[in-house]
Amino acid sequence: MSFVSYSFIGFLAVLLCLYYLLPKKCQWPLLLLGSFVFYAFSGSRYLIFLVVTILSTYGSGLWIEKIWGKQDAYLKEHKELAREEKKAYKKIVTRKARAVLVLCLIFNLGILAVIKYTDFVLENLNGIFGTEFALHHFLLPLGISFYMFQSLGYVIDVYRRKYPAERNIGKAALFTSFFPQVIQGPISRYDDLSKSLFSEHAFNPQDFFYGLLRVVWGFFKKLVIADRLAPVILTLTEDTEKYTGFYVLANIFFYAIQLYGDFTGGIDITIGVSRMLGIQVTENFDRPYFSKNIAEYWRRWHITMGTWFKDYIFYPLSVSGWMLKVSKWSRKHLGAALGKRIPVYLSTIIVWFATGVWHGAAWNFIVWGMINCVVLLISQELGPLYKKFHEKVSFSNTLVWDAVQIFRTFWLMGLIRILDVYRDVPLTFRMVGSMFTTSNWGALTDGSLLELGASAADYIVIAIGIILMFIVSLLQGKKKIADRLEEKPVALRYIVLLVLILAAVVLGAYGIGYDATQFIYNQF
């Protein structure tokens with residue numbers, strides 16, 4: 001059931017009515033039922049994967065907490081133990097808890113690996129060794145990477161004793177399956193989401209209005225901008241012999257806009273629906289196309305994914321026993337300056353490899369992750385030079401220079417991201433190279449762009465949509481749009497909502513040649 005479908009609108013309308021009409025104690029059980037119904041629309045057979053994740057993480061959380069509880073009770077009962085004895089006992093208990101955690105991680109990630117990566121491994125084995133392993137063509141359960149990472153984060157936090165395990169299996173199931181975010185995030189943390197997810201909520205007209213406004217804004221970005229650009233990008237990507245040179249540059253720009261409209265539009269719908277229900281969901285974007293460098297970009301883009309990899313992979317790797325040994329060896333044999341960087345380099349490489357693999361079982365995603373890694377590490381190493389440059393050059397602290405940095409980062413990220421469009425790594429590099437070897441800039445003015453699946457009217461609508469997104473992002477920098485609207489007359493607020501609804505309905509891309517059924521990040 002896609003967010004931008006009539007079935008979803010009907011489903012949401014019925015759910016909202018029941019949510020506020022039934023007794024408040026029924027709200028979270030209703031959300032659980034609704035979440036399972038919502039997910040079942042993607043294919044009831046895939047519910048088994050969701051249920052397995054719920055049961056395994058729920059059980060592991062309770063098991064780990066029980067281990068910690070026994071430790072606390074034992075130490076409380078045996079206060080006479082010496083410090084070293086307590087330390088030795090804690091070490092044994094920690095190993096038991098860690099074993100349960102590792103078992104849970106291997107089990108769940110093993111399921112994900114088999115479904116998502118089996119064919120990728122077999123294809124490469126066949127290509128390298130000339131074997132003929134049959135491919136299985138497993139269909140990826142909708143949103144499995146998102147809900148699995150969210151659930152595993154919960155178990156890791158219980159192991160770290162950040163909060164106690166959830167004892168109510170229904171609430172644990174709702175945390176994993178909450179329908180607005182189950183298919184494309186954000187990847188929430190239990191202690192953040194549970195505060196409002198399991199609470200009782202009275203109908204709040206203000207929350208409902210601003211939630212609806214954000215949902216409609218998400219529809220606008222998805223249907224009016226992203227889906228209208230989809231056939232253009234498809235045309236440019238399918239005929240790579242014809243559309244080289246300037247067309248590759250156009251494809252980079254168009255895909256950057258499409259992806260932003262599509263992904264942030266989906267997240268707007270997620271956050272908006274949640275707010276209509278009185279539930280607070282973590283923001284996942286912070287105006288990423290205003291970033292001045294790649295590090296800043298990744299702090300602003302898909303925020304919850306970045307923080308997940310940082311908190312659960314990068315930091316644990318950096319301080320792990322074997323990494324500390326690597327650091328010690330590096331300092332001794334490579335010198336203090338380089339030695340202290342090696343653990344950071346290795347952890348960063350592993351994280352970005354994992355990020356690439358998370359996005360998809362294909363070499364283009366792995367190469368995409370590694371290029372991001374290399375650029376980030378180079379930028380980090382050149383940091384002192386950048387600082388000296390800014391200190392000596394006066395214009396480096398001006399709005400013009402800020403604009404130059406933003407422009408540079410936008411195109412750099414777009415260039416790396418084009419691997420997601422052409423999918424084939426050698427082909428991608430050939431297409432990028434054609435920008436410097438093929439001179440067909442006349443396509444910008446000779447009407448060739450009108451032959452790509454979009455009319456002049458389409459481009460005008462897209463341009464207006466881009467300008468509107470830019471203005472909204474610009475205004476968001478100082479104060480949230482919702483807070484700005486709150487200061488305006490009630491009539492103006494509803495006029496804004498009505499205009500957005502009409503724009504999404506009238507200007508949205510529907511019909512033959514347009515696919516308004518799937519969001520790009522659903523595939524992950």
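In this text, all values refer to a predicted model and were calculated from it rather than measured experimentally. All values below were derived from every heavy atom in this structure, side-chain atoms included, with hydrogens, water molecules and symmetry-related copies excluded.
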Exercise. S291 side chain to N293 main-chain N or O, any donor-acceptor pair under 3.5 Å?
Worked result: no
Exercise. F38 and side-chain contact (heavy atoms from CB on, under 4.5 Å): which partner among L33, I183, L12?
Worked result: I183
For this session: For K292 and I406, work out which heavy atoms get closest and say how close.
Result: CG-CG1, 4.1 Å
For this session: Verify the distance criterion only: is there a donor paired with an acceptor across the side chains of Q380 and Y345 at less than 3.5 Å?
Result: no
Exercise. Side chain of S2, backbone of S5: donor and acceptor closer than 3.5 Å?
Worked result: no
For this session: First locate atom CG of L174, then atom CD1 of I54, and finally report the distance between them rounded to the nearest 0.5 Å.
Result: 9.0 Å
For this session: Count the heavy atoms belonging to other residues, nucleotides or ligands that lie under 6.0 Å from CZ of F41, then report whether that count exceeds 12.
Result: no
For this session: Starting from the C-alpha separation in whole Å, work towards a yes-or-no answer on ring-ring contact (aromatic ring centres under 6.0 Å, His included) for F290 and F470.
Result: CA-CA 10 Å; F290 285 151; F470 176 79; 5.7 Å; yes
Exercise. What distance do L475 atom CG and R287 atom CZ have between them, rounded to the nearest 0.5 Å?
Worked result: 9.5 Å
Exercise. Does the side chain of S274 come within less than 4.5 Å of I271's, by heavy atoms?
Worked result: no
Problem set entry | Nearest-0.5 Å distance, CG of residue D286 to CD1 of residue I303 | 5.5 Å
For this session: Measure the acute angle between the ring planes of F11 and F179, then classify it against the limits of 30° and 60° as parallel, tilted or perpendicular.
Result: perpendicular
Exercise. Going through the checks in order, is the side chain to side chain contact (heavy atoms under 4.5 Å, CB included) test met by T348 and F314?
Worked result: CA-CA 7 Å; T348 303; F314 180 83; 3.5 Å; yes
For this session: Check whether more than 12 heavy atoms from other residues, nucleotides or ligands sit under 6.0 Å from atom CZ of F138, and answer yes or no.
Result: yes
For this session: Look at the side chain of S448 and the backbone N and O of L444, then say whether any donor-acceptor pair between them is shorter than 3.5 Å.
Result: no
Exercise. Residues two or more places apart in sequence or in another chain: which of them pass side chain to side chain donor-acceptor pair (under 3.5 Å) with R300?
Worked result: E296
Problem set entry | Heavy-atom pair with the smallest gap, counting every atom of T270 and P180 | OG1-O, 2.6 Å
Problem set entry | Donor-acceptor under 3.5 Å (H201 side chain, S196 main chain) | yes
Exercise. Got a second to check how far I366's CD1 is from T355's OG1, nearest 0.5 Å?
Worked result: 12.0 Å
Exercise. Hey, does the Lys NZ or Arg CZ of K222 hover above the aromatic six-ring of W217, less than 6.0 Å from the centre and inside 45° of the axis?
Worked result: no
Problem set entry | Check: F209 ring centroid to Y494 ring centroid under 6.0 Å | yes
For this session: Look up atom CD1 in I462 and atom CG in D458, then write down how far apart they are to the nearest 0.5 Å.
Result: 6.0 Å
Exercise. K221 and T264: side-chain donor and acceptor closer than 3.5 Å?
Worked result: yes
Problem set entry | Donor on one side chain, acceptor on other, Y255 and D420, under 3.5 Å | yes
Exercise. Which atom names give the shortest non-hydrogen contact between L449 and A443, and what distance separates them?
Worked result: CG-O, 3.8 Å
Exercise. Counting N and O atoms only, with roles assigned by atom type, does the side chain of T237 sit under 3.5 Å from a partner on the main chain of V421, one being a donor and the other an acceptor?
Worked result: no
Exercise. Side chains of D268 and F263: does their closest heavy-atom pair fall under 4.5 Å?
Worked result: no
Exercise. Is the W352 ring parallel, tilted or perpendicular to the W368 ring (thresholds 30°, 60°)?
Worked result: perpendicular
Exercise. Does the pair F8 and V273 meet the rule for a side chain to side chain contact (heavy atoms under 4.5 Å, CB included), with working shown?
Worked result: CA-CA 11 Å; F8 176 74; V273 168; 4.2 Å; yes
Problem set entry | Taking every non-hydrogen atom, the tightest pair across F49 and I115 | CE2-CD1, 3.1 Å
Exercise. Hey, what's the ring geometry for Y297 with W301, parallel, tilted or perpendicular (30° and 60° as the breaks)?
Worked result: parallel
Problem set entry | N/O donor-acceptor pair under 3.5 Å between D207 side chain and M276 backbone | no
Problem set entry | From CA spacing to verdict: side chain to side chain contact (heavy atoms under 4.5 Å, CB included), I371, L419 | CA-CA 10 Å; I371 292 177; L419 281 157; 3.9 Å; yes
Exercise. How many angstroms lie between CG in L152 and CG in D157, if you round to the nearest 0.5 Å?
Worked result: 11.0 Å
Seminar exercise, completed: In terms of heavy-atom contacts, S434 and T244 come closest through OG-CB, 3.5 Å
Exercise. So which heavy atom on L15 is nearest to which on G34, and how close?
Worked result: CD1-CA, 4.5 Å
Exercise. So do the side chains of Y46 and I144 get within less than 4.5 Å of each other, counting heavy atoms only?
Worked result: no
Exercise. Between L31 and I279, does a side chain to side chain contact (heavy atoms under 4.5 Å, CB included) hold up when you go through it step by step?
Worked result: CA-CA 11 Å; L31 287 181; I279 297 166; 3.6 Å; yes
Exercise. Does any N or O in the side chain of Y210 come within less than 3.5 Å of the main-chain N or O of E486, such that one atom is a donor and the other an acceptor?
Worked result: yes
Exercise. Taking side chain as C-beta onward, heavy atoms only, is W298 less than 4.5 Å from M413?
Worked result: yes
For this session: Run the salt-bridge test on D311 and R189 with the 4.0 Å N-O cut-off and return the result as yes or no.
Result: yes
Exercise. Looking only at atom types and distance, does a side-chain atom of Q150 sit under 3.5 Å from a main-chain N or O of F175, one as donor and one as acceptor?
Worked result: yes
Exercise. Where the side chain of H359 meets the backbone of F365, is there a donor-acceptor pair that is under 3.5 Å apart?
Worked result: no
For this session: Name all residues meeting the salt bridge (Lys or Arg N to Asp or Glu O under 4.0 Å) criterion together with D483; count only those two or more places apart in sequence or in a different chain, and write none if there are none.
Result: none
Exercise. Take atom CZ in F353; do more than 12 heavy atoms of anything else shown fall under 6.0 Å from it?
Worked result: no
For this session: Answer yes or no: is there a donor N or O on one side and an acceptor on the other, between the side chain of S151 and the main chain of M148, under 3.5 Å?
Result: no
For this session: Decide if atom CG of L385 counts as having more than 12 heavy atoms of other residues, nucleotides or ligands within a radius under 6.0 Å.
Result: yes
Exercise. Checking side-chain contact (heavy atoms from CB on, under 4.5 Å) against I187, which of F309, W308, Y147 comes through?
Worked result: W308
Exercise. Under a 4.5 Å cut-off applied to non-hydrogen side-chain atoms, are L223 and L507 in contact?
Worked result: no
Problem set entry | Heavy-atom check, side chain of I233 versus side chain of L452, under 4.5 Å | no
Exercise. Does one side chain, of D119 or H136, offer a donor that lies under 3.5 Å from an acceptor on the other?
Worked result: no
Problem set entry | Electrostatic pair R214-E283, nearest N-O below 4.0 angstrom | yes
Exercise. Does any pair with a residue in residues 426-458 pass ring pair (Phe, Tyr, Trp, His ring centres under 6.0 Å), and if so which ones, sequence neighbours excluded?
Worked result: F246-W441
Exercise. Tell me, do W363 and N124 make a side-chain contact under 4.5 Å, heavy atoms counted?
Worked result: yes
Exercise. With a 4.5 Å limit on heavy-atom distance, are the side chains of V461 and R228 in contact?
Worked result: yes
